[in-house]
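See structure below.
Residue numbers begin at 1 in each chain, while the letters A, B, ... track the order of the sequences.
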Amino acid sequence: MATRTVTVLNVAEKPSVAKSVSAILSRNQGLRVREGRSRYNKIFEFTYSIRGQPCQMLFTSVTGHLMELEFEDRYRKWHSCDPADLYHAPVRKFVPEDKKDIKRTLEEEARRCQWLVLWLDCDREGENIAFEVVDVCTAANRYVTLKRARFSALIDREIHNAVQNLVEPNKWFADAVDARQEIDLRIGASFTRFQTMLLRDAFIIDTPTDDRNLVLSYGPCQFPTLGFVVERYWEIQAHEPEEFWLINCSHRSDEGVANFSWMRGHLFDYTCAVIIYEMCTEEPNATVTNVKQQEKLKYPPYPLNTIELEKRASRYFRMSSEHTMKVAEELYQAGFISYPRTETDSFSSRTDLHTIVQEQQGHPEWGIYAQRLLDPGTGLWRNPRGGGHDDKAHPPIHPTKFSAGEAGWSQDHRKLYELVVRHFLACVSKPAVGAETIVEIDIAGEQFSVCGRVILEFIPTALTLDSGVTRPPPLLSEADLLSSMDKEGIGTDATMHDHIKKLLDRFYVTKDSSTRFTPTNLGEALVMGYDDMGYKLWKPDLRAVMERDMKSVSEGVKSKDEVLANSLQQMKACFLDVSSPVYLIQFKFRQLEIPPNYSVNHLARARGPNTPTSHANQSNTRQGLCTNCQQTGHSSNDCPSQNLGSRNAEHRRMNQHNGNVGPVYLIQFKFRQLEIPPNYSVNHLARARGPNTPTSHANQSNTRQGLCTNCQQTGHSSNDCPSQNLGSRNAEHRRMNQHNGNVVSSDSVLAMVFELPLWM
DNA sequence: GCAAGGTC
């Protein structure tokens, strides 16, 4: 007996997925396409059988979220209510004007269907969009049967498997997103209105802009991003240059000059440096103690994902991440590269990498290399390493169509396409091999080393005691900023560039020609205002707490309502405190204290008699209230709002001191009695840093794949680093040494070296 | 005139 055919409406998150899945399910047999109401979202039609049930399949798509969250009309005007009311003002979801055509397509098609199959991306946002689609479709046809297709890649087996094993949509996932949306909206709108109305008149923007349109926005992603820029700026401001001394040793031969580095690095104690230097000059004969020859491998990069594309385009071309994504989107739309918004940095074993390389063989610049890669005789090919990330929806960014440049391409299109292709070719190449020789010498017990020359025994042609000063870290580059955001979970791969652009658009930061960011007067003042109140609103912590809450909701551990109530209660308490008269005055004065710089200047007319300098005294006068959240019943130590911030201004100052680069060592010297300089005891501790004073922070150097985090060289890890014998940079080692007491070697000078953080 | 998240 023939089963009756059911009509099935299938909906994907984007048009490309509707197309791919339709092609896979129909095996391109009898696949038809027709227009929908929206020009981007076509409708594919084919027949299929789901577990023996004959189906007439209609396959269409949305373009991301179909709905937005907004306050009800009477709260939408800025002066319609106190911004504090926005923590409980009613909100509604609605389909914005530019999505109405998609909504009409869904309604019209849903009316003719018995089943609705949701093919949205299998992440939290996708699950939330699924429920938006359900809302629209069930409003048009309340009898439609709901099913969810769960798939992790757009490949045949996966897709057929998904449709034969349909599941229920996951409300918890969708709830997590609902909670995030509502929190983001309420916090963002309340703080933005508050900040803007309070402070707009305190600044004059030099750039041609209508003052009335100036918005001082607050957002849970844009502010932590601003925070990264300001924090680095403060580290630089707080840096106090410190003089250090070092011994440089060089040897000139027929082959050239070999400059040996002193293995102690930098010494901050002049007297000690002089003593060691004099020892060396008294017995200047240098003995070669070690010659190490080693192969150095330079590993190819991981396959390209969005963040890495943005970082590299910024480093190589100084292209902004926002512009990079715009150009990448255009290349994708024209079919030249794969989908540019992806977290994935591993190729599936099923990807036909050879074919992708084959297509590039005719290119005038890298065509020959592509040919050599494919020639087994060269041994150049190597299957790519995986970086360990997979968003289960898209492959790493790779070329999908050959081009030697198109007529309509700008320079940036060329550059970005070239980056994608070259990166891909590098990924399937074996590591580059280099050789290096490290020579270590000893002069009067002092160790020096040089890379790349072989000499046996000699007297240095130059042995000098030189001085230098410590330098602050550099301003954050766009690549650094992306790394920080990625590390701290601020924004998503698809939105990070938006947050960076927002800081520039709001005049919170400026960017120089080498893509480094400086906070403006305005940006710094906003962060400092909140920081002085003790709130971490500009730190990543708040977002991290929210992310943990979202995870709990998506796992069913907490309910959406519970998270919303708790989170909004805390944020409202914070908002009321920040906008309270006590801080209001101070917050405003804080803005006015900052001297003018960059594009934002302060207006002096409002300066008052006594700029408040201590908020602690003021808040302590409020007896019985928690100084953190202004509630009664607990002290600030037990405050439930604690994750919003500690009122510890000391914290910022400490961070400023943390800002100096590189570990500093203490070297214990034991002097021979006759050599003791005046005011020195037999056992003397001197501070030293080195040998390669790092110019960047650890989190930067860690992002440089394959480099030793100790000496920034390739070919070994920090554990095997040849510079390691200078002293372990291992805190454990330091603690051990401290507990062991002083260990003094039998030599006159030289004892133990151990690490000490610089601020101690 | 506010957010962040999808995607065109």
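- Comparing H499(A) and M197(A) by the nucleotide of DNA chain B that holds the closest heavy atom to each, the one mapping nearer the 5' end is M197(A).
- Residues passing the side-chain hydrogen bond (donor to acceptor under 3.5 Å, both in side chains) test with K558(A) are D549(A), sequence neighbours excluded.
- Between H65(A) and dA4(B) there is no side-chain polar atom (N or O) within less than 4.0 angstrom of OP1 or OP2.
- Between the C1' atom of dG6(B) and the CD atom of E13(A) lies a distance of 6 Å, rounded to the nearest Å.
- Computed from coordinates, the F223(A) CZ to dA4(B) P distance equals 10 Å when rounded to whole Å.
- F191(A) comes within contact range of no nucleotide atom at all, as no heavy-atom separation falls under 4.0 Å.
- With dG1(B), dG6(B), dA3(B) as the choices, the nucleotide that has an atom nearest any side-chain atom of T492(A) turns out to be dG6(B).
- Partners of K326(A) under the side-chain hydrogen bond (donor to acceptor under 3.5 Å, both in side chains) rule, at least two apart in sequence or in another chain, are E330(A).
- Rounded to whole Å, the distance from CG on N41(A) to P on dG6(B) is 18 Å.
- Using a 4.0 Å cut-off on heavy atoms, the residues of residues 323-333 of chain A that approach DNA chain B are E329(A), Q333(A), listed by number.
- Here E322(A) pairs with nothing under the salt bridge (charged side-chain N to carboxylate O under 4.0 Å, His left out) rule; sequence neighbours left out.
- The side chain of R193(A) approaches dC2(B) more closely than any other nucleotide in the set dG5(B), dT7(B), dC2(B).
- Across all strands, E182(A) comes closer than 4.0 Å to no nucleic acid atom at all (heavy-atom distances).
- Contact annotation for L69(A): base contact, defined as any heavy-atom pair under 4.0 Å involving a base atom.
- DNA chain B lies under 4.0 Å from at least one heavy atom of each of the following residues of residues 120-135 of chain A: D121(A), E125(A).
- The interatomic distance linking R341(A) (CZ) with dT7(B) (P) rounds to 5 Å, in whole Å.
- To the nearest 0.5 angstrom, L309(A) atom CG is 7.0 Å from I337(A) atom CD1.
- In this structure, of dT7(B), dA3(B), dG1(B), it is dA3(B) that holds the atom nearest to the side chain of P220(A).
- With sequence neighbours left out, D505(A) forms a salt bridge (charged side-chain N to carboxylate O under 4.0 Å, His left out) with K501(A).
- Residues satisfying the side-chain hydrogen bond (donor to acceptor under 3.5 Å, both in side chains) criterion with E109(A), sequence neighbours excluded, are R34(A), R112(A).
- Atoms CD (E70(A)) and C1' (dG1(B)) sit 11 Å apart, rounded to a whole Å.
- Put simply, the side chain of E132(A) gets close to the backbone of L66(A): a donor and an acceptor are under 3.5 Å apart.
- For the pair L503(A) CG and dA3(B) P, the interatomic distance rounds to 12 Å; values are reported in whole Å.
- Atom NZ of K502(A) and atom C1' of dG5(B) are 11 Å apart (whole Å).
- When each of K77(A) and Y40(A) is assigned the nucleotide of DNA chain B with its nearest heavy atom, K77(A) is the one assigned upstream, toward the 5' end.
- With sequence neighbours left out, the side-chain hydrogen bond (donor to acceptor under 3.5 Å, both in side chains) criterion links E562(A) to no other residue.
- Residue side chain W78(A) meets the stacking definition with respect to dG1(B): its ring centre sits within less than 5.5 angstrom of the base's six-membered ring centre, and the planes differ by less than 30 degrees.
- Remark: Q181(A) is not in phosphate contact with dA3(B), judged by side-chain N or O atoms under 4.0 Å from OP1 or OP2.
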Output side-chain donor-acceptor pairs under 3.5 Å for residues 72-81 of chain A, partner residues at least two apart or in another chain, one line each.
| unit_1 | atom_1 | unit_2 | atom_2 | d |
| --- | --- | --- | --- | --- |
| S80(A) | OG | R74(A) | O | 3.2 |
| S80(A) | OG | K77(A) | O | 2.6 |

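- If you check every strand for non-hydrogen atoms under 4.0 Å, Y75(A) touches nothing.
- Using a 4.0 Å cut-off, no side-chain N or O of T495(A) falls inside it from OP1 or OP2 of dA4(B).
- Distance, F173(A) CZ to dG5(B) P: 17 Å, rounded to whole Å.
- Within the structure, every side-chain polar atom (N or O) of R506(A) is placed at least 4.0 Å from both OP1 and OP2 of dG1(B).
- In terms of polar N and O atoms assigned as donor or acceptor, the side chain of Q195(A) never comes within less than 3.5 Å of the base of dC2(B) in a complementary pairing.
- Classified by interplanar angle (parallel below 30°, tilted 30° to 60°, perpendicular above 60°), the ring pair W409(A)/Y417(A) is tilted.
- Of the candidate nucleotides dG6(B), dC2(B), dG5(B), dC2(B) has the atom lying nearest to any side-chain atom of S217(A).
- For F191(A) and Y218(A), the ring centers sit closer than 6.0 Å to each other.
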